[in-house]
Amino acid sequence: MTSIRTILHPTDFSDRSAPAFALACSLARDHGARVIILHVIPPPGSHAEVIARQEPNSYRAEASDRLYRVRAPDGTVDLDHRLSDGDPGAEILRVAEDEGCDLIVMGTHGRTGLPRLLTGSVAEEVVRRAPCPMLTVKAPFPEPATAPTVQSNEVAKS
Amino acid sequence: MSSGISSNAMFKKALVPVDLTETHQQSLDVAARLAAPDGAVVLLHVIEVLHGLSREEEPAFYQRLERKARAHLDHLRRRLEGRAVGVAAEVAFGQRGREVIRFATQEGVDLIVLTSHRVDPTDPGTRWGSLSYQIAFLAPCPVMLVK
């Protein structure tokens, strides 16, 4: 890692991904790097899922909507949204290779939210085969020191 | 945070667990890079206490291991000379994973940088540090795995 130019953050939109995303953005700001936020839609696990995904507002539309709504907490960070289909572990590794990522920042044990995406086994596969350093972040992670401070005049008003 | 470099993503205390090999250059570099300007990199070497052979029973044996470890830690510290971070080195006794977690928790470490190596995908599960994995999932802070 000579310098950090591109950071990959795979997300499953769960609470477990949130601290990893915040840290990815802070690191990006510090190092002048770009963040790729990646969500991988795994193949349907059942016939019912195949049917369900054909409905309007289906899984894919919802995932896409959620992904593109994600904004960096700090507006100066260059954020690149990617939606991908396939095996989550393999897709994360493929994007990391293709984009020449310098760092993967990933929450571990994201088992809440949309199902099955970033289970421990995906994180484990990525850890094992990643072409670059990987930062694993467990939730909860302490809030960054930039939490909004209450102005004294607001206190006086209340 | 108006200054260009200081920020909340910089780590105050980056722990680098090391063994007595030469494989840690990359981890040292990453730790120094990610540590805050007023932060520190702490090198930790854990001497495994052998089952049935306590330190009390064989003090000379463990002292010899500790001397060797400290010499190597000094050697690694010199690699970070000239970097804008403080460097400390510690030796602990016990089981590696447990001691790393204990140290990180007690000393308020906010980043652990582990040296791992890329695993042959056709040969999964073998040799690879269940140790790194264990630390990554038990650590109280973010864990960086560096190849």
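First the proteins, then the strands, lettered A, B, ... as listed; each starts at 1.
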Same apolar cluster: [X] and [Y], side chain cutoff 4.5 Å:
{"X": "A/Val50", "Y": "A/Tyr59", "answer": "no"}
{"X": "A/Ile51", "Y": "A/Ile41", "answer": "no"}
{"X": "B/Leu44", "Y": "B/Leu138", "answer": "yes"}
{"X": "B/Leu20", "Y": "B/Val42", "answer": "no"}

Original post:
Taking it one step at a time, do A/Leu135 and B/Leu111 satisfy side chain to side chain contact (heavy atoms under 4.5 Å, CB included)?
Top reply: CA-CA 9 Å; A/Leu135 186 57; B/Leu111 175 70; 3.6 Å; yes
Original post:
Would A/Met134 and B/Leu114 count as a side chain to side chain contact (heavy atoms under 4.5 Å, CB included) if you check the C-alpha gap in whole Å, the side-chain angles of each, and the deciding distance to 0.1 Å?
Top reply: CA-CA 10 Å; A/Met134 170 160 165; B/Leu114 288 176; over 6 Å; no
**OP:** May I ask you to check whether over 12 heavy atoms, not counting those of B/Arg70, lie within 6.0 Å of atom CZ?
**Re:**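 Result for CZ/B/Arg70: enclosed.
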Subject >> Nearest heavy-atom neighbours spanning B/Arg33 and A/Ser3 >> reply: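 Between these two residues, the closest heavy atoms are NH1-CA, 4.2 Å.
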Original post:
Is any side-chain heavy atom of A/Asp30 less than 4.5 Å from a side-chain heavy atom of B/Leu34?
Top reply: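 They are not in contact (no side-chain heavy atoms under 4.5 Å apart), so the answer is no.
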Original post:
What part of A/Cys132 gets closer than 4.5 Å to chain B, counting heavy atoms only: side chain, backbone, both or neither?
Top reply: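 For A/Cys132, the contact with chain B is made by the backbone alone.
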